[in-house]
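Worksheet: the structure to be examined is printed underneath.
Heavy atoms only: backbone and side chains are in, while hydrogens, waters and symmetry mates are out. Computed from a predicted model, the values in this text were never measured in an experiment. Order of appearance sets the numbers: ligands from 1, and atoms from 1 within every ligand.
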Amino acid sequence: MSGEGTASDTADVVIVGTGHGGAQAAIALRQQGHEGRIVMVGRDSVPPYERPPLSKEYLAGDKPFERIMIRPEKFWADKGIELRLGSGVSAIDPQEHSVTLSDGSTLGYRKLIWAGGGDPRRLGIPGANLANIFYVRDKSDADAMMAALESGARRAVVIGGGYIGLEAAAVLRKLGCEVTLVEMLDRVLARVAGEELSRFYEDEHRRQGVEVLLSRGVSEILGTDGKVSGVRLDNDDVIDCDMVIVGIGIVPAVGPLIAAGAAGSNGVDVDVFCRTTLDDVYAIGDCAAHANPFADSAVIRLESVQNANDMANTAARAIMGDKQPYHALPWFWSNQYDLKLQTAGLNLGFDATVLRGDPETRKFTVVYMKEGRPIAFDCVGTMKDYVQGRKLLENGAERIDPAILADPEVALKDLL
Ligand code: FAD
């Protein structure tokens with residue numbers, strides 16, 4: 001017989017990945033009354049923890065590990081959720097309904113939830129294997145960086161001006177390091193934000209003492225005694241440094257799923273219930289390509305805690321027989337220095353922006369418009385706009401006169 005998890009060791013639900021999505025899937029299953037055996041398999045060697053603090057409070061030393069755990073350690077055993085930590089899934093047999101673990105053992109499943117997230121995109125240039133090059137994805141990455149700082153590293157080059165690179169730069173400045181940030185495109189946050197936000201953060205980082213280099217590539221990492229000693233740019237300039245932080249995106253961690261026949265090109269494809277094309281296999285979080293209702297149904301992957309948690313809830317409900325299509329408003333945040341950015345909605349395909357407030361005051365909102373309707377808000381220090389902007393988007397915002405929207409005295413809730 002196949003299809004029911006026939007391996008001698010079988011669980012009702014096997015969850016691959018113990019990050020945000022995996023942890024929330026297990027929590028949601030129990031909350032919804034699932035009483036079967038749940039096994040979580042994860043490469044991380046510690047119980048589920050939050051990733052955002054790894055480039056923020058944890059890296060800065062402001063929050064210890066206990067405070068970034070998704071649940072206290074004993075929670076998992078209390079709920080009867082088995083954790084197989086430090087263990088990777090290397091293969092899936094969709095006919096047999098089983099997975100192979102890195103130690104060669106097999107584990108059967110009735111339902112499989114794949115929450116593998118992504119692996120950091122690596123540098124492919126000479127010197128990329130030197131010591132003191134850090135990618136910020138797992139706790140162990142942040143720990144290694146903190147150890148380098150403790151042993152005296154003080155001059156950092158950050159490669160990549162996305163959120164992770166910018167947040168790391170902010171923490172390193174706070175810790176007293178000299179920081180140079182190198183971005184290949186002509187502005188930071190170019191993939192995710194409009195020009196107003198990019199220029200604001202560039203100015204802020206420069207004001208805080210970061211040297212921000214735009215439209216610049218890196219051609220080589222230089223080393224002495226196996227350790228980083230500098231970075232050569234594509235114009236041949238060399239920046240001396242003793243550590244390099246790389247934040248140039250992720251590659252969805254879906255190898256075994258695709259090898260097993262699941263459809264997908266950018267990650268793995270899922271439907272509105274987070275089902276892959278393999279029977280009884282769901283995928284959620286960073287690795288799941290889905291048609292997003294807040295992006296005119298464009299097929300995208302979202303890399304956010306919101307998306308991982310909400311997809312986990314969707315998959316758990318579907319497994320429990322309470323199928324509800326994924327329909328959650330995307331939101332995100334980023335902390336840099338004393339600035340809190342909160343974003344709501346997706347700005348994909350925006351054709352205009354409206355600025356509410358003055359960036360000079362360090363409190364303002366960028367509204368992204370498409371065909372006269374707001375589709376997303378980037379709120380810097382404007383919590384009210386964020387909360388009310390979310391409501392506006394959730395209710396399906398109509399066309400709004402940009403002049404009215406630009407007036408910070410007009411509350412967004414009055415435009416509902
Ligand atoms: P992850 O949380 O990455 O979990 C995936 C897990 O699966 C990992 O533990 C991985 O080791 C494991 N895994 C992968 N393959 C296998 C395998 N074959 N076998 C076993 N285990 C496997 N989002 C926000 O909304 N706001 C923020 O401010 C923010 N800041 C961030 C800062 C940093 C430094 C990072 C790295 C991310 C940040 N994010 C932020 C993004 C957010 O953390 C991710 O979107 C979220 O963690 C995605 O959850 P996930 O479950 O899909 O993947």
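- In this structure, atom 41 (C) of ligand 1 lies nearest to the protein heavy atom E303 O, 4.0 Å.
- Here atom 45 (O) of ligand 1 lies nearest to D286 when heavy atoms of N335, D286, I113, D119 are compared.
- None of E167, H205, Q208 except one satisfies the side chain to side chain donor-acceptor pair (under 3.5 Å) rule with Q336; the exception is H205.
- Near G21, meaning under 4.0 Å from one of its heavy atoms, ligand 1 places the atoms 49 (O), 50 (P), 51 (O).
- Taking the six-membered ring where tryptophan is involved, the planes of Y58 and F65 are perpendicular, since the angle between them exceeds 60° and thus also 30°.
- Considering S55, A115, G17 only, the shortest heavy-atom separation from atom 5 (C) of ligand 1 involves A115.
- When non-hydrogen atoms are compared, ligand 1 lies under 4.0 Å from the backbone of S87 (N, CA, C, O) but not from its side chain.
- With salt bridges taken as basic N to acidic carboxylate O contacts below 4.0 Å, one links D338 and R362.
- Ligand 1 has no nitrogen or oxygen under 3.5 angstrom from a nitrogen or oxygen of S334.
- Between atom 3 (O) of ligand 1 and the options R137, K56, H20, R43, the minimum heavy-atom separation is to R137.
- No part of L302 comes within 4.0 Å of ligand 1, judged by heavy-atom distances.
- Counting the atoms of ligand 1 from 1 in the order shown, those under 4.0 Å from a heavy atom of G88 are 19 (N), 20 (C).
- By the neighbour-count criterion of 12 heavy atoms within 6.0 Å, atom CE of M383 is sparsely surrounded, having that number or fewer from other residues, nucleotides or ligands.
- Near S304, meaning under 4.0 Å from any of its heavy atoms, are these atoms of ligand 1: 23 (N), 25 (O), 45 (O).
- Near W114, meaning under 4.0 Å from any of its heavy atoms, are these atoms of ligand 1: 18 (N).
- In this structure, R173 forms no cation-pi arrangement with Y337, as its terminal cationic atom is not both closer than 6.0 Å to the ring centre and no more than 45° off the ring axis.
- Using a cutoff of 4.0 Å between basic side-chain nitrogens and carboxylate oxygens, D62 and K174 are scored as salt-bridged.
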The test is salt bridge (Lys or Arg N to Asp or Glu O under 4.0 Å); show your working for R301 and E303 and say whether it passes. CA-CA 7 Å; R301 286 187 307 101; E303 296 170 11; 3.2 Å; yes

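- Under 4.0 angstrom from ligand 1, the non-hydrogen atoms of A308 all belong to its side chain.
- Checked by distance only, ligand 1 and V89 come closer than 3.5 Å through their nitrogen or oxygen atoms.
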